[in-house]
Amino acid sequence: MPRARTRTAVLSAGLALAATLNACTSAPPQPHAALPMARPDPRPVAEAVLADTINKINARGTAHATMTGSLGVVGQLNADGAVRYRGPQADLALDGKTRNARTEKLAVSIVDEVGYLNTPLARPDATKPWLKISHDGSDFGSKLLSPALDQLHESVDPRATFSGVEQATRIQGSAPDTVEGRPTTRYDLRILTEEAARTAPDEQQRERFQRAADDGERELGFQLWLDEQGLPAKFASTTNIAQAGEVSLTSTYRDWGTPVDIQLPPAAQVGVFDDLPPMAQPPR
């Protein structure tokens, strides 16, 4: 009988092991620790404020403006001029001075999104004082200066900054302030780059915000002062541009809705830099 007892013992051990394994596998799974929920952004969305401001800019259509700040490679800027808002576009004419190694006169016209720059620092030749700068231009001048001119353009037009991304913009803070003696409310605004990259209606906007997000800029900051009628009294922005350096500009507005005169320079006085300008050519 020893062999029979051995078989019985083995069978009993096997049944016990099977029961133990079955009990382990049939036990309910232990719940995983809950992932922490993202905290909702407590800052108010700027959509209502910005939508009202954009509508009022469109309704008035024109303004006079003073611009100060840094225009990157062009130097420090101090200029006075006028803006005309036409649909999504903003035409601009400025006269003033830049200061880099020395102080030089500067004139800028931007009409139909094409820029014209008149400065001794970037003059095509003696008979053509105006340099044409296009978004998609293949010439040297356009490639070098169009990013800075684009930023100059946007700095007088808050619509270009906020249109389409109002819901992705938060009000960091607001407070009463004055601009040239006028009572205003200052808004510190932050565009959330990842959200703006998903929701902006324009492809170029989405790409720009995505680049900022990829570079670690989770938010882009702006300051907007609104007068008692809800119109911009001042607008400030700072942007780092690879070709141009830091462009940091402040626009101060007045005389909304009054007539402005914005003209193209004479065609015979306009040229381009197909290559490096003569003063920048390497020695031979």
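Counting heavy atoms from C-beta on, the side chains of Ser142 and Val272 never come closer than 4.5 Å. Side-chain atoms of Phe222 and Pro158, non-hydrogen and from C-beta on, never get closer than 4.5 Å to each other. Counting heavy atoms from C-beta on, the side chains of Val165 and Phe209 come closer than 4.5 Å. Side-chain contact between Asn118 and Gln269 is absent, with no heavy atoms from C-beta onward closer than 4.5 Å. Counting heavy atoms from C-beta on, the side chains of Leu131 and Leu145 come closer than 4.5 Å. In this structure the side chain of Arg159 reaches within 4.5 angstrom of the side chain of Asn58, judged on heavy atoms. Side-chain contact between Leu117 and Leu106: present, with at least one pair of heavy atoms (C-beta onward) separated by less than 4.5 Å. For the pair Ser237/Glu154, no side-chain contact is recorded, criterion being any heavy-atom separation below 4.5 Å from C-beta on.
Across His135 and Ser146, no two heavy atoms sit closer than the pair O-OG, 4.5 Å. The shortest non-hydrogen separation linking Thr193 to Glu217 is OG1-O, 2.7 Å. Taking every heavy atom of both residues into account, Ala65 and Tyr253 meet most closely at CB-CD2, 4.2 Å. Smallest separation of non-hydrogen atoms from Ile57 and Pro232: CD1-CG, 3.7 Å. Residues Gly141 and Ile133 come closest through the heavy atom pair O-CG2, 4.4 Å. Between Thr178 and Pro183 the shortest heavy-atom distance is CG2-CA, 4.4 Å.
No side-chain donor from either of Gln223 and Arg186 sits under 3.5 Å from a side-chain acceptor of the other. A donor atom on one side chain and an acceptor atom on the other are not found under 3.5 Å apart for Gln76 and Asn78.
Although no hydrogens or angles enter the test, the distance criterion places no donor-acceptor pair under 3.5 Å between the side chain of Asp52 and the main chain of Ala48. At distances below 3.5 Å, at least one donor-acceptor pair connects side-chain atoms of Ser251 with backbone N or O atoms of Ser155. Glu166 contributes a side-chain N or O that, together with a main-chain N or O of Gly164, makes up a donor-acceptor pair within less than 3.5 Å. The closest donor-acceptor contact from the side chain of Thr62 to the backbone of Thr258 lies under 3.5 Å. With Gln205 contributing its side chain and Ser163 its backbone, the two residues share a donor-acceptor pair below 3.5 Å.
The CD atom of Glu47 lies 13.5 Å from the CZ atom of Phe162; values are rounded to the nearest 0.5 Å. Here CG of Leu264 is found 7.5 Å from CG of Asp112. Values are rounded to the nearest 0.5 Å. Atom CD of residue Glu207 and atom CD of residue Gln204 lie 7.0 Å apart, to the nearest 0.5 angstrom. The structure places CG of Leu231 at 8.0 Å from CG of Leu226, a figure rounded to the nearest 0.5 Å. Separation of atoms CZ (Phe273) and NZ (Lys143) is listed at 15.0 Å; rounding is to 0.5 Å. Between Gln172 atom CD and Leu189 atom CG the span is 9.5 Å, to the nearest 0.5 Å.
With Trp225 as the partner, the side chain to side chain donor-acceptor pair (under 3.5 Å) test is satisfied by one option alone out of Thr250, Asp177, Thr184: Asp177. Screening Ile262, Leu152, Val83 against Leu94 for a side chain to side chain contact (heavy atoms under 4.5 Å, CB included) leaves a single residue, Leu152.
Within 6.0 Å of CD on Glu194 lie no more than 12 heavy atoms contributed by other residues, nucleotides or ligands. Atom CZ of Arg86 is surrounded by more than 12 heavy atoms from other residues, nucleotides or ligands within 6.0 Å. In this structure, Lys234 places its NZ atom where more than 12 heavy-atom neighbours from other residues, nucleotides or ligands lie under 6.0 Å away. Around atom CZ of Arg218, no more than 12 heavy atoms belonging to other residues, nucleotides or ligands sit under 6.0 Å away. The number of heavy-atom neighbours closer than 6.0 Å to CD of Glu104, taken from other residues, nucleotides and ligands shown, is above 12.
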Practice task
Determine, step by step, whether Val49 and Thr169 satisfy the side-chain contact (heavy atoms from CB on, under 4.5 Å) criterion, reporting the C-alpha distance in whole Å, the side-chain angles of both residues, the deciding distance to 0.1 Å, and the verdict.
Solution key: CA-CA 10 Å; Val49 171; Thr169 305; over 6 Å; no
field: Test side chain to side chain donor-acceptor pair (under 3.5 Å) applied to Asp261 and Gln263, step by step
entry: CA-CA 6 Å; Asp261 184 24; Gln263 298 182 0; 3.2 Å; yes
Margin query: Test side-chain contact (heavy atoms from CB on, under 4.5 Å) on Thr199 and Gln167; report intermediate values, then the result.
Written below: CA-CA 9 Å; Thr199 60; Gln167 289 187 334; over 6 Å; no
| field | Stepwise side-chain contact (heavy atoms from CB on, under 4.5 Å) check, Leu50 with Leu224 | value | CA-CA 10 Å; Leu50 292 175; Leu224 179 64; 4.1 Å; yes
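One hydrophobic cluster, built from ILVMFWY side chains closer than 4.5 Å, holds both Leu92 and Trp256. In this structure, Ile191 is a member of the same hydrophobic cluster as Ile171, with clusters built from ILVMFWY side-chain heavy atoms closer than 4.5 Å. When the side chains of ILVMFWY residues are joined at heavy-atom separations under 4.5 Å, either directly or via intervening members, Phe235 and Leu249 end up in a single hydrophobic cluster. Residues Val111 and Trp130 are members of one and the same hydrophobic cluster, defined by side-chain heavy-atom contacts under 4.5 angstrom among Ile, Leu, Val, Met, Phe, Trp and Tyr.
Under the 4.0 Å criterion applied to side-chain N and carboxylate O atoms, Asp215 and Arg211 are not assigned as salt-bridge partners. Ion pairing between a basic and an acidic side chain is recognised when a charged N comes within 4.0 Å of a carboxylate O; Asp188 and Arg43 show no such pairing.
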